[in-house]
Every structure is written in C-alpha cells, then in structure tokens.
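Working notes for the structure below.
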Amino acid sequence: FFYTVHADDTAELVMYDTAETLVIPQAVRGAAVVSAKIDGVEPYWWADETVEKLVVDDAFTAMPDINFTLSGFRNLREASVNGLASLPSFLGCESLRTVRCAGAQEIPANTFTGCTALTTVELGEGLKTIGEGAFTGCTALRELHIPAGTERVQYAFEGCTSLTVYFHGVSDEDWNRWTEEIFTET
C-alpha cells in the first residue's frame with residue numbers, strides 16, 4: 001500500500017500494488033485507517049485486472065465507516081468484509097461470486113447491482129437495512145437469508161430471476177410492510 005498518515009493519527013490508503021488478494025488493514029504504522037481510495041474505474045491508480053479477492057480486517061467493527069467503492073474490479077471473485085458496518089459498492093463487479101459480510105448493519109442502495117455471477121452472500125444477525133436496488137440484476141443468486149432483527153428491506157431484488165428470499169424471525173406486521181417495500185418501486 002501507499003498511504004498518508006495525518007496529524008490526528010489517522011491513515012488514508014491511496015494506492016496499492018498489483019496483487020491477487022487485496023487486504024485492507026485496520027491500522028498502518030499505528031494510525032487507524034479511516035479512508036481507502038479504492039476505485040477500479042480509475043485504472044491509472046488501481047490494478048483492477050489483478051485483484052480477485054478482497055479482505056477487510058474484521059477489526060473495523062469499531063471504526064468509522066470506511067469509504068470506498070469496488071466498481072469496475074472486473075476479476076474480483078470473492079470479498080470478505082465482515083468488519084464493515086456499511087458495505088462498499090460492488091456495482092458491476094461481474095465476476096464476483098461470494099461475499100461474506102457478517103458484520104454489516106447496512107447494505108446500501110445498488111451495492112450489488114449488476115453482479116451477475118454472485119451466488120453467495122453471507123449476512124449476519126446485526127443487519128438492519130437493505131437499500132433500494134441492492135441486489136438488482138443478480139441473476140445467479142439462488143437464495144438469500146434475511147436475519148431476524150432486520151428492520152427495513154426496500155425494493156432490492158429486481159431482475160433476480162432465480163432468487164428465493166428467506167426471512168427469519170419476521171413478525172406478520174413486518175412481513176406485510178416489507179411485501180410492499182420489497183416488491184414495489186418507491
């Protein structure tokens with residue numbers, strides 16, 4: 001990594017070298033990583049052709065949200081982002097197959113839009129929100145288990161032609177509300 005350490009003992013990751021596995025650490029030289037400028041759309045900065053696996057340090061659970069996008073990482077196949085409360089955008093990562101995000105509290109709008117090879121998403125019990133269009137066009141996704149305690153699922157599954165969604169621990173009241181939110185555009 002190339003990084004900048006700021007006077008407030010925070011670090012910003014600004015570039016990485018070519019690698020098949022990209023690991024985003026919790027800290028660099030004792031400074032907490034609070035930003036990672038990772039954007040596969042800017043090939044002059046990022047070697048998006050080589051990255052096949054992303055690992056974000058599980059210790060990020062106590063950290064502020066890390067701000068980055070992985071859009072355009074055409075060969076990214078696997079991501080383990082268990083430590084992030086809010087997921088980065090994987091928009092258009094057409095080779096992405098597996099995502100482990102057990103610590104996620106939010107899956108923002110359009111997070112996995114166009115991830116046509118996505119087959120597995122492992123969600124954790126702390127999930128609160130799935131944003132609008134989060135899984136749009138994920139045609140290979142066969143099943144998704146929404147954990148108990150999830151409070152909001154918006155119109156998130158358009159074009160998921162093979163998907164069965166399992167809701168765990170959902171009250172009748174929430175089910176009726178969600179049916180409208182999930183399957184109706186807002």
Side-chain angles (χ1 to χ4, degrees), residues 1-3 13-26 28 33 35-61 63 65-127 129-147 156-166:
F1 271 102
F2 296 94
Y3 56 89
L13 305 178
V14 293
M15 194 181 333
Y16 66 88
D17 288 325
T18 301
E20 283 186 19
T21 300
L22 175 59
V23 179
I24 299 178
Q26 177 189 11
V28 176
V33 174
S35 178
K37 291 183 178 178
I38 297 172
D39 187 347
V41 177
E42 300 177 314
Y44 60 91
W45 277 79
W46 307 113
D48 62 295
E49 293 294 324
T50 60
V51 177
E52 294 182 12
K53 182 178 181 181
L54 169 72
V55 178
V56 175
D57 192 321
D58 286 354
F60 273 117
T61 53
M63 300 293 295
D65 288 338
I66 296 300
N67 182 18
F68 63 94
T69 178
L70 295 155
S71 300
F73 275 64
R74 290 183 295 270
N75 291 321
L76 184 66
R77 288 168 175 57
E78 180 181 348
S80 178
V81 291
N82 290 323
L84 296 180
S86 182
L87 297 185
S89 173
F90 292 93
L91 178 72
C93 292
E94 295 174 358
S95 297
L96 184 64
R97 291 187 179 104
T98 303
V99 176
R100 290 174 189 83
C101 51
Q105 296 173 13
E106 174 189 21
I107 300 175
N110 303 310
T111 296
F112 297 108
T113 296
C115 295
T116 55
L118 187 63
T119 59
T120 305
V121 179
E122 296 175 8
L123 303 173
E125 292 299 317
L127 183 66
T129 304
I130 297 177
E132 186 171 344
F135 293 93
T136 297
C138 294
T139 55
L141 191 58
R142 302 260 183 263
E143 66 179 48
L144 187 65
H145 293 265
I146 308 296
F157 306 108
E158 181 180 6
C160 297
T161 54
S162 303
L163 180 62
T164 300
V165 180
Y166 298 92

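Because the structure is a prediction, the values reported are computed rather than measured. All residue numbers in this chain count up from 1 along the given sequence.
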Could you tell me the separation between the OG1 atom of Thr113 and the CD atom of Glu132, rounded to the nearest 0.5 Å?
10.0 Å

Who pairs with Arg142 by side-chain hydrogen bond (donor to acceptor under 3.5 Å, both in side chains), at least two apart in sequence or on another chain?
Ser162

Chi angles and distances behind the side-chain contact (heavy atoms from CB on, under 4.5 Å) call for Ser89, Asn110:
CA-CA 7 Å; Ser89 173; Asn110 303 310; over 6 Å; no

Applying salt bridge (Lys or Arg N to Asp or Glu O under 4.0 Å), can you list everything that pairs with Glu122, at least two apart in sequence or on another chain?
Arg100

Mind listing the closest non-hydrogen atom pair of Ala140 and Thr116 along with its distance?
CB-O, 3.2 Å

Report yes or no: does Asn82 contribute a side-chain atom to a donor-acceptor pair with the main-chain N or O of Ala102 at less than 3.5 Å?
yes

Would you give me the side-chain donor-acceptor pairs under 3.5 Å for residues 91-98, sequence neighbours excluded?
| from | atom 1 | to | atom 2 | distance (Å) |
| --- | --- | --- | --- | --- |
| Ser95 | OG | Arg74 | O | 2.7 |

Among Leu118, Thr120, Leu123, which residue satisfies the side chain to side chain contact (heavy atoms under 4.5 Å, CB included) criterion with Val99?
Leu118

For the residue pair Ala134 and Pro108, what are the closest heavy atoms and their distance?
CB-O, 3.8 Å

Which heavy atom of Pro147 sits nearest to which heavy atom of Gly124, and what is that distance?
CG-O, 3.0 Å

Can you tell me how far the NZ atom of Lys53 sits from the CZ atom of Arg77, to the nearest 0.5 Å?
13.5 Å

Whether the Thr129 and Glu106 side chains hold a donor-acceptor pair (N or O, under 3.5 Å, no angle test) is what I'd like checked.
no

Might you work through the side-chain contact (heavy atoms from CB on, under 4.5 Å) test for Val165 and Phe157, ending with a clear yes or no?
CA-CA 9 Å; Val165 180; Phe157 306 108; 4.2 Å; yes

Phe90 and Leu76: side-chain contact (heavy atoms from CB on, under 4.5 Å), yes or no, with the steps?
CA-CA 9 Å; Phe90 292 93; Leu76 184 66; 3.9 Å; yes

OG1 of Thr164 to CG of Leu144: how many Å apart, nearest 0.5 Å?
10.5 Å

Interatomic distance, Phe112 atom CZ to Ile130 atom CD1 [nearest 0.5 angstrom]:
9.5 Å

Cys115 SG to Leu141 CG distance, which is reported to the nearest 0.5 Å
10.0 Å

